[in-house]
There are 2 protein chains.
Amino acid sequence: MSTSPAPRTRPLRADAERNRQRLIAAAQELFATRGIDVTLDDVARHAGVGVGTVYRRFANRDELIEVVLVGAVRRLADHAEKALANPDPWDGFEEFFVAATRDFAENRGLRELVLERHRGTADAFVDVRNGFQPATTTLIGRAQEAGELRDDLEPVDFPLIQLMLGAVTHHTRDVAPELWQRYVTLMLDGLRTRRDAPTPFAAPAITDAQFDRALT
Amino acid sequence: MSTSPAPRTRPLRADAERNRQRLIAAAQELFATRGIDVTLDDVARHAGVGVGTVYRRFANRDELIEVVLVGAVRRLADHAEKALANPDPWDGFEEFFVAATRDFAENRGLRELVLERHRGTADAFVDVRNGFQPATTTLIGRAQEAGELRDDLEPVDFPLIQLMLGAVTHHTRDVAPELWQRYVTLMLDGLRTRRDAPTPFAAPAITDAQFDRALT
DNA sequence: ACTAAGCGGAGATATGTCCTCCATTTTGTT
DNA sequence: AACAAAATGGAGGACATATCTCCGCTTAGT
């Protein structure tokens, strides 16, 4: 366990600050594409700085994760707030559901952090998560009271459903990064109370060749 | 890369054969619970034999996987055949779909091998898989022609859907191994062409406490 | 021009898997 | 019961990979 850099009194020197930003940008990209388990050596190389610089600036991976991903978590919360403003209960629910699925599809690190919690999560995240839980619960409740969303669902079902959708992206990101759009439709059709016909898919199925390439 | 043990001419000595069976049994259990990436050292310890014995008996992990899991793959094929005998197209489809989901839920190694192909797959599996593909295609086609299964689905969608259901078990196996039964219902309701009301869930949601314990 | 801050990246440390080797034990045959 | 062939176990070497420190050198800022 490394010790945290002492709380700073003076601001960073210009070059140091520049390198810090480079590191954050590199981490942002690598966390999103390869997940939060990338090595810090990788992050350093990707940022074009030495490893020493990473460890001088961030106590450990968790600290870097926090700096890089709080924004993404907060964006999830924003989706929920925005969806609450939608006057139609089902549309509001669907709006949030799809937005969340997209965010998880586009950011593997976010998925791992919020849905799978691969690494010990810093307190900062617990706060943010608790912060937007009421909004999602309301979105769900409203849609259920309106009779549109099946009412035997509970809030805890939703992270698990997102986990399911995330699995598609996890395994097909390289061949069809938009494939989640197909299965999110399927899922929503399952979540509805009743329905006369299938909602058309927003994305085509992958080909058999793509499937073969995906599973490796 | 190790070389395969020379093709045997004589049968194994009694003690050798006994140890071989022990190894297979141990591997069966470990592959099912911990996946096909368990170390052969682990398998040996679990079987109560030395590591040397594993490597003497099996050229590499793939050979052991093959011996242990062909049976499980063949069982999948059997489910498909059996479901074809069901006179109702939708019931037949559902019967197979649920049986496959159960098998994948109960055997992590099978999931990894058939759905995620974590390791290079031996030819034996390709044969078995190709062997039961026609049956599943027929099951799907029948249900679509009967107007029960949404007809914009393609066969390649189903392994991906199974992947999604598998993700639930993957993350909650320790707290609620039967949870897949809840989401398989949801999924089937999404797959149907039309529906007046939700099909009741076969399993309750997990509690928040269980959810917290699951994500670690 | 001088000093404090910062830098890079080689390499020490730790962990973990794979697989071999051989002194010893067990089996099966005569 | 004696013997040869077969089989055993598990220590340990080879290899891979990640984490994090250290220090001689560079650079920013006054």
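Residue numbering restarts at 1 for every chain, and letters A, B, ... go by the order of the sequence lines. Note that the structure is a prediction, hence the values are computed from the model and not measured.
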| request: Tell me whether the OP1 or OP2 atom of C:dC7 has a side-chain N or O from A:R57 closer than 4.0 Å. | output: yes
Quick one: is C:dT17 close enough that its OP1 or OP2 comes under 4.0 Å of any side-chain N or O from B:R61?
no
- Message: Does A:V49 reach a base, just sugar-phosphate, or nothing at all? Heavy atoms under 4.0 Å.
- Response: sugar-phosphate
Taken to the nearest whole Å, CZ/B:R45 to C1'/D:dA11 is 14 Å
* Asked: Is A:L160 close to B:T172 at the side-chain level, that is, under 4.5 Å between some pair of heavy atoms?
  -> yes
inquiry  = With a cut-off of less than 4.0 Å, is there a side-chain N or O of A:N19 near OP1 or OP2 of C:dC7?
reply    = yes
Looking for any heavy atom pair under 4.0 Å, which part of the strands does A:D41 touch: base, sugar-phosphate only, or nothing?
base
Side-chain contact check for A:A16: nearest option of C:dC7, C:dC18, D:dG9 is C:dC7
message: Please classify the nucleic acid contact of B:R20 as base, sugar-phosphate, or nothing, using heavy-atom distances under 4.0 Å.
response: nothing
OP1 or OP2 of D:dC22 less than 4.0 angstrom from a side-chain nitrogen or oxygen of A:R56, does that happen here? no
Heavy-atom nearest nucleotide on DNA chain D taken for B:R10 and for B:G52; more 5' hit belongs to B:R10
Heavy-atom nearest nucleotide on DNA chain C taken for B:V51 and for B:A14; more 5' hit belongs to B:V51
Margin query: Distance criterion of 3.5 Å, no angle test: do you see the side chain of B:R13 paired donor-to-acceptor with the base of D:dA7?
Written below: no
inquiry  = Has A:Q210 got a side-chain atom pairing as donor or acceptor with A:V175's backbone, closer than 3.5 angstrom?
reply    = yes
note: B:L40, atom CG; D:dT8, atom P; distance rounded to Å ~ 15 Å
Result for 5'-nearest mapping on DNA chain C, choosing between B:D15 and A:G50, is A:G50
Between A:T169 and the options A:E106, A:R108, A:R102, A:R111, the side chain to side chain contact (heavy atoms under 4.5 Å, CB included) test singles out A:R111
Between CG of B:L12 and C1' of D:dA5 the distance, given in whole Å, is 14 Å
**Asked** Below 4.0 angstrom from OP1 or OP2 of D:dA18, is there any side-chain N or O of A:T39?
**Response** no
